[in-house]
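Counting starts at 1 for both ligands and their atoms, following the listed order.
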Amino acid sequence: MADIHSYDFAGKRALIRVDFNVPLNKETFEVTDDTRIRAAAPTIKHILNTGGSVVLMSHLGRPDGVEEKYSLKHIVSQVAKVLEVPVKFVNDCINEDAQAASKSLATGEVLLLENVRFYKQETAGTEAFAEALSKHGDVYVNDAFGTAHRAHASTTVVAKFFPNDKMFGYLLEGEIKAVDKVLNSDEKPLTAIVGGAKVSSKITIIDRLLNKVDNLIVGGGMAYTFIKAKGGHVGNSLVEDDYLAIAKNILLKAEAKRINLYLPVDTIVADKFDNNAAQKLVNINEIPDGWMGLDVGPESSKEIRDIIVHSKLILWNGPMGVFEMENFQKGTIEVANAVVEATKNGAFSLIGGGDSVAAINKFGLADQVSYVSTGGGAMLEYLEGIELPGIKAINE
Ligand code: AMP
């Protein structure tokens with residue numbers, strides 16, 4: 001494995017796997033959010049500025065064969081704008097034209113290949129396809145954290161054709177460093193805030209966090225399964241009855257490990273799953289039938305805030321309520337504000353793995369926390385302790 005900080009790119013073609021899976025306007029095909037393009041820019045610019053040329057490969061959407069609407073040609077002008085250099089494009093990723101285009105690339109030039117998922121061999125991880133991709137570069141850089149949990153040709157298999165010339169880009173390196181800092185440094189207290197819809201999708205993470213954290217705040221839809229497991233009455237709130245025993249087990253484990261597992265004490269309930277539903281504030285253990293909890297209440301927010309602002313390391317995964325609805329976003333906003341405040345006071349805060357990223361962006365606070373992850377599913381798996389194939393392929 002090589003290191004992007006010290007590698008000599010002079011005269012080399014760098015084949016970079018980026019995650020340019022960006023949202024497009026359905027009619028005009030314009031890029032509606034270029035966060036992912038901007039996130040990869042430091043790696044690309046570094047290589048261009050140190051004498052290399054760049055071949056970019058990415059997927060876009062989940063095409064079934066070649067589908068015009070998923071063509072990366074739609075994003076060429078936005079990539080050029082972000083990088084402030086012209087960007088060449090070729091309408092295939094492995095054919096003769098593509099190979100000729102990358103071969104003729106001069107120092108400082110950038111070529112974007114067509115969507116790698118136009119070939120089913122990409123997701124199948126076919127070796128011959130990966131080898132054809134590898135011909136585009138003298139060196140392979142993986143900067144696509146969002147797909148690092150997939151053992152695809154361009155994210156994983158291709159690395160084997162660069163035994164000594166493979167490395168992480170700055171973005172991927174930053175993601176790994178941020179999680180390691182939160183989970184493996186000695187500073188205390190470490191607080192994890194886990195929310196979102198279901199216990200089932202977060203169970204492995206919660207279990208692993210029990211070996212790491214001092215405080216575990218559980219909010220969002222999954223809190224009601226815990227409340228029911230403790231004997232509370234949760235009305236029509238989201239509950240996974242299959243997970244009651246598991247929830248009980250987690251509560252016992254936390255107690256045995258002397259971890260402060262915080263559950264909300266009050267909740268805003270609604271008579272239907274609708275922003276304009278009737279709502280009232282109740283004790284979370286006494287939710288009337290016909291009503292469902294859609295946000296945490298003010299007393300809970302106050303207590304949660306108190307835990308967060310006294311933390312040195314913070315991991316936030318998942319909203320406290322249905323934050324997409326204006327009337328049920330308050331608990332999530334208050335968590336975001338508390339994380340910002342803790343960060344101002346010197347804590348390291350990582351927002352990652354799903355909708356808390358959408359929330360912090362929605363509230364315009366992303367630049368006031370320490371790190372916002374770009375990889376949803378990849379971050380979840382990384383937090384679960386899984387060795388991501390894209391990372392393993394570079395390390396081994
Ligand atoms: P996740 O992707 O697991 O992080 O779940 C995020 C989703 O959970 C968001 O779309 C929220 O609207 C939803 N959510 C949060 N709190 C609740 C709740 N109390 N009831 C139902 N859904 C919720």
Side-chain angles (χ1 to χ4, degrees), residues 146 149 192-209 216-229 232-243 246-247 250 262-301 304 315-336 339 350-363 372-384:
H149 59 319
I193 309 134
V194 183
K198 293 180 170 177
V199 183
S200 52
S201 60
K202 303 281 168 77
I203 188 72
T204 322
I205 293 178
I206 292 176
D207 216 38
R208 180 157 188 254
L209 289 175
L216 179 63
I217 297 168
V218 175
M222 72 173 70
Y224 304 93
T225 299
F226 283 91
I227 296 293
K228 187 169 177 184
H233 191 90
V234 296
N236 289 33
S237 306
L238 184 68
V239 165
E240 289 171 282
D241 283 314
D242 311 354
Y243 278 80
I246 289 171
I250 289 173
Y262 180 86
L263 288 169
V265 291
D266 56 354
T267 177
I268 311 281
V269 294
D271 62 353
K272 53 179 185 259
F273 193 79
D274 188 317
N275 188 42
N276 298 316
Q279 57 162 281
K280 57 184 179 182
L281 174 65
V282 300
N283 180 315
I284 203 162
N285 292 303
E286 296 162 9
I287 301 176
D289 289 334
W291 293 78
M292 62 185 86
L294 295 186
D295 197 6
V296 295
E299 182 59 29
S300 309
S301 283
I304 291 171
L315 168 68
W316 181 22
N317 172 292
M320 294 293 101
V322 186
F323 76 100
E324 298 93 336
M325 298 182 191
E326 209 170 308
N327 292 330
F328 303 103
Q329 64 176 1
K330 198 146 188 272
T332 306
I333 293 185
E334 301 221 355
V335 164
V339 174
L350 165 63
I351 321 295
D355 275 354
S356 36
V357 172
I360 200 97
N361 284 328
K362 181 177 176 194
F363 307 146
V372 179
S373 175
T374 58
M379 179 55 86
L380 284 180
E381 291 194 16
Y382 198 78
L383 291 172
E384 285 176 6

*Asks:* Could you find the nearest protein heavy atom to atom 6 (C) of ligand 1 and give me its residue, atom name and distance?
*Replies:* Asp355 OD2, 3.1 Å
*Asks:* Please find the pair of heavy atoms, one from Tyr224 and one from Asp295, that lie closest to each other, and give the distance.
*Replies:* OH-O, 3.8 Å
*Asks:* I need the nearest protein heavy-atom contact for atom 15 (C) of ligand 1: residue, atom name and distance, please.
*Replies:* Gly321 O, 3.1 Å
*Asks:* Are Asp241 and Lys228 close enough for a salt bridge, meaning some N to O gap below 4.0 Å?
*Replies:* yes
*Asks:* Just checking, any donor-acceptor pair under 3.5 angstrom between side chains of Ser373 and Tyr382?
*Replies:* no
*Asks:* State, yes or no, whether a side-chain contact exists between Thr332 and Trp316 at a heavy-atom distance under 4.5 Å.
*Replies:* yes
*Asks:* Report the nearest protein non-hydrogen atom to atom 17 (C) of ligand 1: residue, atom name, distance rounded to 0.1 Å.
*Replies:* Gly221 N, 3.3 Å
*Asks:* Below 3.5 angstrom, do we get any N/O pair linking Asp295 and ligand 1?
*Replies:* no
*Asks:* Using a 6.0 Å cut-off, check whether atom NZ of Lys198 has over 12 heavy atoms from anything other than its own residue.
*Replies:* no
*Asks:* How far is atom 22 (N) of ligand 1 from its nearest protein heavy atom, and which residue and atom is that?
*Replies:* Val322 CG2, 3.7 Å
*Asks:* Decide whether an N or O pair under 3.5 Å exists between Met320 and ligand 1.
*Replies:* no
*Asks:* Got Val269 and Gln279 here, is their nearest side-chain heavy-atom distance under 4.5 Å?
*Replies:* no
*Asks:* Any luck finding a side-chain donor-acceptor pair between Asn283 and Asp266 under 3.5 Å?
*Replies:* no
*Asks:* Does Phe328 have a heavy atom less than 4.0 Å from any atom of ligand 1?
*Replies:* no
*Asks:* Starting from atom 19 (N) of ligand 1, what is the nearest protein heavy atom, named by residue and atom, and what distance separates them?
*Replies:* Gly293 O, 2.9 Å
*Asks:* Test your reading of the structure: does Gly195 have an N or O sitting under 3.5 Å from an N or O of ligand 1?
*Replies:* no
*Asks:* Closest non-hydrogen protein atom to atom 8 (O) of ligand 1, residue and atom name please, with distance?
*Replies:* Ala197 N, 3.1 Å
*Asks:* Does Glu334 offer a backbone N or O that forms a donor-acceptor pair with the side chain of Ser301 under 3.5 Å?
*Replies:* no
*Asks:* Which protein non-hydrogen atom lies closest to atom 4 (O) of ligand 1, naming both residue and atom, and how far is it?
*Replies:* Lys202 NZ, 3.1 Å
*Asks:* Counting from 1, what ligand 1 atoms have a heavy atom of Tyr224 closer than 4.0 Å?
*Replies:* 19 (N)
*Asks:* Determine whether the side chain, the backbone, both or neither of Glu324 has a heavy atom under 4.0 Å from any heavy atom of ligand 1.
*Replies:* side chain
*Asks:* Is Phe273 in polar range of ligand 1, meaning some N or O pair under 3.5 Å apart?
*Replies:* no
*Asks:* Verify whether one side chain among Glu240 and Thr225 offers a donor that lies under 3.5 Å from an acceptor in the other.
*Replies:* no
*Asks:* Below 4.0 angstrom from a heavy atom of Gly196, which ligand 1 atoms are there? Numbered from 1 as shown, please.
*Replies:* 1 (P), 3 (O), 4 (O), 5 (O), 6 (C), 8 (O)
*Asks:* In the structure I gave you, are the side-chain heavy atoms of Ile284 and Ile227 within less than 4.5 Å of one another anywhere?
*Replies:* yes
